[in-house]
Amino acid sequence: MDVVVYAALGAKGGEHDLAYKLLAAALEQELGLSELPEMVREDGGKPYFPGCPNICFNLSHSHGAAVCALHDKPVGIDVEKLRPAPRRLADGLADEAFFRLWTAKEATIKRQGGSAAALLRPMEPDGLCQCLEPLLEGYTVTVCPSEKAAIRAKVISHI
């Protein structure tokens, strides 16, 4: 199965709901599921479907954008609006380079089920991470599958 990424722009403040709408749309369009299966969270907070262990997903949202990655193996995804990078974290990197690295690290950690606190520790992102540019103009989107896989991305304009 390909890794499938759904992305959308919406109103600021509605990103969380938009991410779950993307998940529902991806499950319906890709797998024919008309409703979300029961969802629970791992200790680290990562959501999953206990009754559907072959459906793995991850969600992210930032400043009016939301993304959803769907695969049959663990997957992580992150989206960040391009903006001035926090200087205390950027370590001299240009804004775009910082957010490429940041989203790759976060997608790696999310795939592994880790917490956001791990982002502040030195680490290298997984080499399987792929930055999906220019999926959403003005945003950096990075997906991190568990294994080498084709990635299909869709921008959803009406959801």
Side-chain angles (χ1 to χ4, degrees), residues 1-81 89 99-133 135-136 139-159:
M1 173 181 179
D2 293 346
V3 174
V4 180
V5 174
Y6 279 45
L9 296 175
K12 287 185 181 178
E15 302 93 339
H16 181 269
D17 290 339
L18 182 58
Y20 282 93
K21 287 179 182 177
L22 286 173
L23 176 59
L27 289 171
E28 183 172 8
Q29 292 180 23
E30 302 296 329
L31 301 175
L33 298 177
S34 59
E35 58 185 56
L36 287 177
E38 177 191 3
M39 188 182 313
V40 298
R41 294 188 179 272
E42 294 177 351
D43 290 340
K46 184 176 181 177
Y48 70 100
F49 302 131
C52 302
N54 60 327
I55 301 174
C56 299
F57 69 95
N58 198 234
L59 308 171
S60 183
H61 49 80
S62 173
H63 299 86
V67 293
C68 168
L70 187 64
H71 197 229
D72 60 355
K73 294 180 181 51
V75 63
I77 194 162
D78 190 45
V79 60
E80 290 291 339
K81 182 174 179 66
L89 298 174
F99 284 109
R100 280 182 189 215
L101 179 60
W102 184 267
T103 58
K105 286 181 175 185
E106 188 157 346
T108 297
I109 291 166
K110 290 171 73 176
R111 186 198 71 210
Q112 297 168 347
S115 71
L119 283 166
L120 300 177
R121 294 191 298 267
M123 68 166 283
E124 289 296 319
D126 191 299
L128 293 170
C129 289
Q130 292 185 44
C131 186
L132 306 178
E133 290 184 335
L135 184 61
L136 294 173
Y139 295 83
T140 300
V141 177
T142 301
V143 63
C144 189
S146 296
E147 61 184 29
K148 192 172 177 102
I151 297 172
R152 289 187 293 115
K154 295 181 178 187
V155 175
I156 307 296
S157 56
H158 300 288
I159 192 162

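Quick note: residue numbers are just sequence positions, from 1.
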Side-chain polar contacts of residues 19-30 - donor-acceptor pairs under 3.5 angstrom, sequence neighbours left out - could you list them?
unit_1, atom_1, unit_2, atom_2, d
Y20, OH, R41, NH2, 3.0
Q29, OE1, Y6, OH, 3.2
E30, OE1, R152, NH2, 2.7
E30, OE2, Y6, OH, 2.7
E30, OE2, K154, NZ, 3.3

Could you walk me through whether L136 and V67 pass the side-chain contact (heavy atoms from CB on, under 4.5 Å) check?
CA-CA 10 Å; L136 294 173; V67 293; 4.3 Å; yes
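For the atom pair NE2 of H61 and SG of C68, the computed distance is 12.0 Å after rounding to the nearest 0.5 Å. Taking CG from L33 and CD1 from I55, the interatomic distance works out to 5.0 Å, rounded to the nearest 0.5 Å. For the atom pair CG (D72) and CG (D2), the distance works out to 10.0 Å, reported to the nearest 0.5 Å. Of the inter-residue distances, the one linking R100 atom CZ with E133 atom CD reads 3.5 Å to the nearest 0.5 angstrom. Residue K148 holds its NZ atom at 8.0 Å from CG of L128, rounded to the nearest 0.5 Å.
Judged by distance alone, the side chain of S60 and the main-chain N or O of V79 form a donor-acceptor pair under 3.5 Å. Checked by atom type and distance alone, the side chain of H71 pairs as donor or acceptor with a backbone atom of M1 at under 3.5 Å. Remark: side-chain polar atoms of K110 are paired, donor with acceptor, to backbone N or O of I77 under 3.5 angstrom.
G64 and L18 get closest at one heavy-atom pair: O-CD2, 4.4 Å. What you find for K46 and P74 is that their closest heavy atoms are NZ-CB, 4.4 Å. For the residue pair P53 and P50, the shortest heavy atom distance occurs at CD-O, 3.9 Å. Contact detail for T108 and C129: the closest heavy-atom pair is OG1-SG, 3.2 Å. Scanning both residues, K81 and H63, for their nearest heavy atoms gives CD-CB, 3.5 Å. The minimum heavy-atom distance between Q130 and A149, with the atom names listed, is NE2-O, 4.0 Å.
The ring pair (Phe, Tyr, Trp, His ring centres under 6.0 Å) search around Y139 returns none, not counting sequence neighbours. A search for ring pair (Phe, Tyr, Trp, His ring centres under 6.0 Å) contacts involving Y48 returns nothing, not counting sequence neighbours.
T142 and D78 form no side-chain donor-acceptor contact under 3.5 Å, judged by distance and modelled atom types alone.
Heavy atoms from other residues, nucleotides or ligands lying under 6.0 Å from CD of E124 number 12 at most. Taking a 6.0 Å sphere around CD of E35, one finds it holds 12 or fewer heavy atoms contributed by other residues, nucleotides or ligands. For N54, the CG atom sits in a packed shell: over 12 heavy atoms of surrounding residues, nucleotides or ligands are nearer than 6.0 Å.
With respect to D126, the side chain to side chain donor-acceptor pair (under 3.5 Å) criterion is satisfied by exactly one of K105, R111, Q112: R111.
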